[in-house]
Structure formats: structure tokens, C-alpha cells
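To keep things clear, I will list the structure first and then write my remarks on it.
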Amino acid sequence: MPELPEVETVARSIKKEFLNCKILRVRVTDCRLREPVAVDYPSQIAGGVLQDVSRRGKYLLMRLRHAAASEVLFHLGMSGRMLLTTEFHPHERVRIEFDRGCLVFIDPRRFGFTRAGAHLADSLTLGPDALDISRAQLKAILTGKREIKEVLMMQNRIAGIGNIYASEILFVAGIHPLTPADAVTGQAVYRLQQAIYHVLREAIRLKGSSIADFYYGKAQQGGYQNRFKVYDREGASCITCGTKIIKIRQCGRSTWFCPQCQVR
Ligand SMILES: [Zn+2]
């Protein structure tokens, strides 16, 4: 599932490829996404010129000028990807044809969506972005008895972190994933903030995990999956202490951690 580093990689790639390019045509191949694509979506953005591409949490935001809608918002959901291709893809949902090439939104599992309009970012109920959350802001969201791993994944408290990076961040911070949020205090808050920053920065530098979510026809690999310290490493040795990594279930999702390095 695309998280902050993957969406950031996609945003940068689209910006590099299509900045100042004009949208000639828009085709909604299949509107049945988590939120159906509006009937007037193509006419809202056709004729627009791409002014900027940015990211808010796990959302991708394209700013346009000379179009009826000033913004286009994408959420990649569980399996959404952006392709630069002129070829048809069996899971393609929306095709935006720029004067320099086509941007194709594919989403096999349909948990993503796209929307055109104005002030779309303001309508999102997101906490501070994980990449630049301050220590005071972080401290403020660490309230209540919910487990810390769950809190890190609550987008209205801190935006951008999902299941992969939550496990990785807690390992780097040396915090047990079942710790109640309000028990993360003092030095642990500082370690957590540093871990969030360093893990996400490193993942962005390596263009995210598994396969990149923006590619040219054929898949281009992101590099962070080779750096996983605990994620998907059940039974393997901890890189720090050699103890076997454990996998547990939390809120219906898997969590990986080292029982020696991450104490409650
Ligand atoms: Zn360890």
C-alpha cells in the first residue's frame, strides 16, 4: 500500500515529467472507485496546465491553471499506481492525456479515488505531515490508551504513515508497538520523532518500497524493501541484537518487532 515515501516519489515523478504541460483529453475508463469519479471530471480538468504537484499525507495534489477546476486530488488506496504509458492497461481507471504523454491511474482493487475541484486539500482531515511534525505536535497526539502503532497510522493525528513504516519507525525508536500512546513520554518522544524523520527520508531517497508507484511501461523498483529492519522479517534475526523478529496482529494488521530491542 502506498505510504508517504511512495506518494512523494510519485508526486516528484509527475512534476518532473509534466510540469507546465497542457491536458488535452481526459478519459474515465472505469468510474467505479471507492468514491465514483464524477461525471463532469473530464470537463473540469481538460485544457488545464499543470502548475504544481504536491503531497498531503498519502494524498497527491495536482494544481492546474486555465481549467474549470484548480485542483485534482488522488488517493492511491491499497493498490493504486500512476503509469506513464500510451498502452492500455487492464486495470486503468483514468487516463489524463498531456501534450507530452499520458498519465494513467490504475487501481486493481478500487480503494483509491480521484476528485477535481477547488480547495480540495482543505477538505482533508489530516494531522500534521509526518515528515515535518514537530516534537510538540508529536507530543500532543500521544494521548489516550490506544496502542502507539495504531496511533501512528491514524491520519487525522499524523499524516502519511501506514503499516510498513509504522513497524520500521517503532523499531528504530526502540518502542514496543503495544505501548499505550500516553506512555510514550520524555526521551521516547524525541527518539520517535527522529525515527519518523530518518526512516521516511531514507525511504524517499530510495524511491519507496517494493515497486515504485510511478513507472514507464514496465516496473521500476523502489529500494527500501531491501532495507526493512523488521517489516516482513518474522523469524529472521534482529540486525541489532540477533533476537528473532516476532509478528503479531494489531487492529487486523500485522506488526513486526524485536522483543529484545523494543521494550514496553
Ligand atoms: Zn533486537
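Worth knowing before you read on, the calculation uses all heavy atoms, side chains too, and leaves out hydrogens, waters and symmetry mates. Both counts, for ligands and for their atoms, begin at 1 and track the order of listing.
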Protein N/O/S count near the Zn ion (ligand 1) (criterion: distance under 2.8 Å): 4

Is [Y] paired with [X] through a side-chain N to carboxylate O contact shorter than 4.0 Å?
X: Asp107; Y: Arg34; result: no
X: Lys15; Y: Asp52; result: yes
X: Arg27; Y: Glu97; result: no

Under 3.5 Å donor-acceptor pairs involving side-chain atoms of residues 58-66, not counting sequence neighbours:
unit_1	atom_1	unit_2	atom_2	d
Arg63	NH1	Glu71	OE2	2.5
Arg65	NH2	Asn20	OD1	3.4

Could you pull out all donor-acceptor pairs under 3.5 Å where a side-chain atom in residues 148-162 meets a protein atom, sequence neighbours excluded?
unit_1	atom_1	unit_2	atom_2	d
Lys149	NZ	Asn163	OD1	2.4
Lys149	NZ	Ser254	O	3.1
Lys149	NZ	Thr255	OG1	2.9
Glu150	OE2	Arg146	NH1	2.8
Gln155	OE1	Gly160	N	2.8
Gln155	NE2	Met153	O	3.1
Gln155	NE2	Ile161	O	2.9
Arg157	NH1	Ile141	O	2.8
Arg157	NH1	Thr143	O	3.3

Provide the full list of salt bridge (Lys or Arg N to Asp or Glu O under 4.0 Å) pairs with a residue in residues 227-237, sequence neighbours left out, each pair given once. Glu202-Arg227

